[in-house]
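A short worksheet on the structure shown next.
What you see below is based on every heavy atom in this structure, not just the backbone, and it leaves out hydrogens, waters and symmetry mates. Each chain gets a letter, A, B and so on, in the order the sequences are listed, and its residues count up from 1.
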Amino acid sequence: SQQGEEDPQALSIQEGENATMNCSYKTSINNLQWYRQNSGRGLVHLILIRSNEREKHSGRLRVTLDTSKKSSSLLITASRAADTASYFCATAYSSSNTGKLIFGQGTTLQVKP
Amino acid sequence: GAVVSQHPSWVICKSGTSVKIECRSLDFQATTMFWYRQFPKQSLMLMATSNEGSKATYEQGVEKDKFLINHASLTLSTLTVTSAHPEDSSFYICSARDHARGPQLGQYFGPGTRLTVT
């Protein structure tokens, strides 16, 4: 399969709680990116973490990368109802010089008000 | 930021007809564009890499004669779904790479085109 895996597939939390999503991939990468997709809409780029970085923050988002385990996590703190969406990780494999991205299966997050 | 548009945003066509979807980079040049397909409640699957002035590179399992890709200019790639069938109904998303930002960065996604084949 060209895709990596994400877990959980679905996550339901209360507003104000933190949400953690995990992503695993298969081969060495140049970078890993996280995207959000509202139902039926296009992708919104959230954050990019390079292979030589271990952690990155952007507002309420915190991303970690463990290249030894080939995994990444996305933490959304103090979640809001507007965070309800599907979240995808996407990897840019170092074996490819085209920049193509391979997407994980995604996590559907529901934040209840 | 960089903008990528798709046209149309949605289309309904009859089985057996062909449909063309356009992907444009509005404020940057894109030597490389990518086409993805997304079925309901699933992830994006890369279909092909579109290269300006040369043939597209298709992912394994994607029929190149069914999904025709033309990348005739630095700002436009088109995907034509030929002899469409109901199973081709999907959300098609393109992305364009801003080469000024290097090979691994600067990839921008279009808003998607929802194709329904009746």
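Counting heavy atoms of neighbouring residues, nucleotides and ligands inside a 6.0 Å radius, atom CD of E15(A) exceeds 12 of them. Atom NZ of K20(B) sits in a sparse spot, with 12 or fewer heavy atoms from other residues, nucleotides or ligands closer than 6.0 Å.
Separating the OH atom in Y36(B) from the CD1 atom in I102(A) is a distance of 6.5 Å, to the nearest 0.5 Å. Rounding to the nearest 0.5 Å gives a distance of 6.5 Å between CG of L101(A) and OG of S95(B).
Q107(B) and Q33(A) share no donor-acceptor pair across their side chains, judged by distance under 3.5 Å alone.
Grouping the Ile, Leu, Val, Met, Phe, Trp and Tyr side chains by contacts below 4.5 angstrom, directly or via other members, places M47(B) apart from L76(B). Hydrophobic clustering of Ile, Leu, Val, Met, Phe, Trp and Tyr side chains at less than 4.5 Å, counting indirect connections, keeps M33(B) apart from F28(B). Linking ILVMFWY residues whenever their side-chain heavy atoms come closer than 4.5 Å, directly or via other members, places I13(A) and L74(A) in the same cluster.
A distance-only check finds no donor-acceptor pair linking the side chain of S43(B) to the backbone of G106(A) [under 3.5 Å].
What you find for Q38(B) and F88(A) is that their closest heavy atoms are NE2-CZ, 3.8 Å. When every heavy atom of R41(A) is checked against every heavy atom of F91(B), the shortest pair comes out as O-CE2, 3.5 Å.
Side-chain contact between I93(B) and Q37(A) is present, with heavy atoms from C-beta onward closer than 4.5 Å.
A ring pair (Phe, Tyr, Trp, His ring centres under 6.0 Å) check over residues 33-64 of chain A, counting only residues at least two apart or in different chains, returns the pairs Y35(A)-H45(A), Y35(A)-F103(A), Y35(A)-F109(B).
For Q6(B), no part lies near chain A; criterion is any non-hydrogen pair under 4.5 Å.
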